[in-house]
Trainee: 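Sharing a structure with you now.
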Protein chains: 2
Amino acid sequence: MKVNLKMLSESLGLSQTTVSRALNGYSDVSEATRQRVVEAARALGYQPNPQARQLATGRANAIGIVYPFGASDIGDIRFGEVVSGITERLAEHNLDLLIHSSRPDVELDTYRRLIDGRRVDALIVARTRADDPRIRFLQTRQFPFVAYGRTVTSTPYAWFDFDNEKGGRLAVERLLALGHRRIALIHAPLELNFAQQRRAGFMAALRDAGLKPDAKLIVEAPLNRIGGYEAVVRLMKMKNPPSALLVDNNVAGVGALRALGDNGWKPGEGMSLIVYDGIPSEIPLTYRVTAIAQPTGESSGHSLADLVVDVLAGKPLAELHKLGEPVLTVGDTDGQP
Amino acid sequence: MKVNLKMLSESLGLSQTTVSRALNGYSDVSEATRQRVVEAARALGYQPNPQARQLATGRANAIGIVYPFGASDIGDIRFGEVVSGITERLAEHNLDLLIHSSRPDVELDTYRRLIDGRRVDALIVARTRADDPRIRFLQTRQFPFVAYGRTVTSTPYAWFDFDNEKGGRLAVERLLALGHRRIALIHAPLELNFAQQRRAGFMAALRDAGLKPDAKLIVEAPLNRIGGYEAVVRLMKMKNPPSALLVDNNVAGVGALRALGDNGWKPGEGMSLIVYDGIPSEIPLTYRVTAIAQPTGESSGHSLADLVVDVLAGKPLAELHKLGEPVLTVGDTDGQP
DNA sequence: ATCGTAAGCCGAAGCGCTTTGGATGTAAAC
DNA sequence: GTTTACATCCAAAGCGCTTCGGCTTACGAT
């Protein structure tokens, strides 16, 4: 038999009002009564009914995330971790996470349902696209949200994203410190945001070191293994080949590794190699690849949740940004030229 | 300005009662009025407030799933898909999916919070363990749930699981049909449920064909690559080696493949190979491995959601089971002996 | 003795829906 | 012509919580 506010207040000889306010930390109840109330609540195992509270306050105490149905690219693998991180942090604020997935073509309808049905107080927009209709939609509806990934819009909004530029820099700085001067970059097609950003970091780091990037050492490759393989072959055929290489994604990275291996490369000797995101653990290797590692899914989830809480607290959107800091994890594939 | 029941009913000149019952398909409202009501509701964009409805009915219209925090083994990869499948199907019944994750040590507390807080009407228990305290807990509390994976308990409960036994059979039947008689099995440690079950299917299929399994051809190997590698080496060293091999998991499968390759094996020649779950796509191969494939995450999600709905509908638990059917996907690694 | 103030408490009105227990009218049954 | 039985519809009472406005009381100030 569940105990409710009424029973609790009667057992205390107080009004529901007072008990409610005591429990919710209002100042117009004496510290002594608050103690009594809290104690009695615990003793009786009182748990406020969230539905009633929500009806009274108008808030849903839940955050929504709608996930594009059937999206199964790389990022997916970490989805579970991100969700873990989000829920863990949200729980501290007594917020639930509502997950929906929907086919991309009816995605906006799902958003509408969630919002109009007042099922959530805010949304997390996963897998943002460069020009994202969902974000435009939420902005015109003035509904609170946090974007997981940046997008282009003039109106300020809260977002979390990875600091791809910094990752590019980190790799270059490491290689420069080892003494490399001719550093190559294999990057994914530039319509992809991250490729753009990592490349920018790569170039900036070179320039900061007083070097001017050699255009011939910067090659674009399709986002697949073959792409990485062929790009490496091309680089190695040059009259004046690079002494170090950064591959800006781990798909092409696998191909690049293969190409190097096919050419008799041994880790640590000859060409230094850094792969963004590292080589997936499914690929059996006897050595470790030096890599730029993204923050874990859990920490990303924490950041997202924090931003959601801030948005709901009404903090100015223009300040609600967070970049996930990549780190360099040193392996066996780089060394002095 | 959101329109509510009151406004809707006033605009129609009907009582809230009638409008409510019309919308909810009760029989004591004439078809004509129902039409009018439905139409007006759509015209005004009426969306019932779920919190109010929940408060009145006592149901939460949401299903919970709590995911062990930081669980990051193989199954994880499909987590997103499973969630997609669940939410898609639940949406058809107007149910939301609430996700929580929690450290294993406080998992039961999370369950308690969800239940006592009446946040969900039922739970999905993910990653069931052989003897699962969560299931015991839910059973004693008499709270509706569906287990994702079987467990041991005498009380009936609803579950979804993969038909591992059938998978084992499928592989053997295929090999038998190809003409193989000496078929080996490399299986994971038997404390793992799936190993137990796949092995049972393997043996049963042999017996059904009138063959008696050769104990020397059935080897247990640790659930890692080395395990698979060494098991194959052992099998190949035998005086009378098998002509075909089933590896009951894809982790050992990768090692097995490696071992075969190191011994000059070519796919389709010599030893036939079938790997349960196939070889992860991250491993670059020029040929396709014959495999036993599990149902997709989405279809598993659908099954889980269907079971939840049935449980809530009060169907007898003893009948609410569903086995995900594995299929054999033919590749290039098996052939006649 | 009176007033003002602040601290502490409470009554009652919602929040938006469902549902119980009739009320009303009309057609079929007697 | 009176019953009976439906078929429709509705008033009002909740569901369990928050919150607005107001009421006491105690006490130092006047």
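Per chain, numbering begins at 1; letters A, B, ... match sequence-line order.
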Trainee: Does a side-chain N or O of N24(A) approach OP1 or OP2 of dT18(D) to a distance below 4.0 Å, or not?
Mentor: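 Checking dT18(D) against N24(A), a side-chain N or O does come within under 4.0 Å of OP1 or OP2.
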Trainee: Taking any heavy-atom pair under 4.0 Å as a contact, classify Q16(A): base, sugar-phosphate, or nothing.
Mentor: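 Base contact - Q16(A) has a heavy atom under 4.0 Å of at least one base atom.
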Trainee: Examine dT19(C): is either OP1 or OP2 under 4.0 Å from a nitrogen or oxygen in the side chain of Y26(B)? Give yes or no.
Mentor: yes
Trainee: Do T151(B) and T128(B) have side-chain atoms, one donor and one acceptor, less than 3.5 Å apart?
Mentor: no
Trainee: Can you spot which of K315(A), K322(A), R89(A) makes a salt bridge (charged side-chain N to carboxylate O under 4.0 Å, His left out) with D306(A)?
Mentor: R89(A)
Trainee: Would you say T57(A) reaches dT19(D)'s phosphate, i.e. side-chain N/O to OP1/OP2 under 4.0 Å?
Mentor: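 Looking at the OP1 and OP2 atoms of dT19(D), neither is under 4.0 Å from any side-chain N or O of T57(A).
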Trainee: Looking only at the side chains, is there a donor atom on one of T33(B) and S30(B) sitting less than 3.5 Å from an acceptor on the other?
Mentor: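 On atom types as modelled, these side chains qualify, holding a pair under 3.5 Å.
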Trainee: Between Q54(A) (CD) and dC15(D) (P), how many Å, whole number?
Mentor: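 Distance, rounded to whole Å: 18 Å.
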Trainee: Does any N or O in the side chain of T87(B) come within less than 3.5 Å of the main-chain N or O of S101(A), such that one atom is a donor and the other an acceptor?
Mentor: yes
Trainee: Verify whether one side chain among Y67(B) and R127(B) offers a donor that lies under 3.5 Å from an acceptor in the other.
Mentor: yes
Trainee: Quick check: any donor-acceptor pair below 3.5 Å linking the side-chain of T17(A) to the base of dT19(D)?
Mentor: yes
Trainee: Under 4.0 Å, counting only non-hydrogen atoms across every strand here, what does N4(B) touch: a base, just sugar-phosphate, or nothing?
Mentor: sugar-phosphate
Trainee: If only atom types and distance count, is the side chain of R34(A) paired as donor or acceptor with the main-chain N or O of Y26(A) below 3.5 Å?
Mentor: yes
Trainee: Whole Å only: how far is the CG atom of N61(B) from the P atom of dC17(C)?
Mentor: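 In whole Å, dC17(C) P and N61(B) CG are 14 Å from each other.
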Trainee: Please give, in whole Å, the distance from dT8(D) C1' to L12(B) CG?
Mentor: 15 Å
Trainee: dC9(C) C1' sits how many Å from E10(A) CD, rounded?
Mentor: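 Nearest whole value for this atom pair: 17 Å.
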Trainee: Do D28(A) side-chain and dC9(C) base share a donor-acceptor contact under 3.5 Å?
Mentor: yes
Trainee: Just N and O in the side chain of T18(B): are any of them under 4.0 Å from OP1 or OP2 of dC10(D)?
Mentor: yes
Trainee: Considering only side-chain heavy atoms of S30(A), which listed nucleotide, dG8(C), dC17(C), dC17(D), is closest?
Mentor: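 Closest of the options to the side chain of S30(A): dG8(C).
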Trainee: Within less than 4.0 Å of OP1 or OP2 of dC9(C), is there a side-chain N or O belonging to S15(A)?
Mentor: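 Checking S15(A) against dC9(C): no side-chain N or O falls below 4.0 Å of OP1 or OP2.
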Trainee: For T33(A) and for Q47(B), locate the closest nucleotide of DNA chain C by heavy-atom distance; then report the residue assigned to the nucleotide nearer the 5' terminus.
Mentor: T33(A)
Trainee: Between dG16(D) atom C1' and R118(B) atom CZ, what is the distance in whole Å?
Mentor: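 In whole Å, dG16(D) C1' lies 9 Å from R118(B) CZ.
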Trainee: Expressed as a whole number of angstroms, how long is the span from K6(B):NZ to dG14(C):P?
Mentor: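 Atom NZ in K6(B) sits about 9 Å away from atom P in dG14(C).
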Trainee: Under 4.0 Å between a side-chain N/O of S20(A) and OP1 or OP2 of dC17(D), yes or no?
Mentor: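 False: S20(A) side-chain N/O out of range (4.0 Å or more) of dC17(D) OP1/OP2.
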Trainee: Return the value, rounded to whole Å, for the distance between atom CZ of R21(A) and atom C1' of dG11(C).
Mentor: 13 Å
Trainee: Round to the nearest Å and state the distance from R53(B) atom CZ to dG16(D) atom C1'.
Mentor: 18 Å
Trainee: Can a donor-acceptor pair under 3.5 Å be found between the side-chain atoms of S27(B) and the base atoms of dA7(D)?
Mentor: no
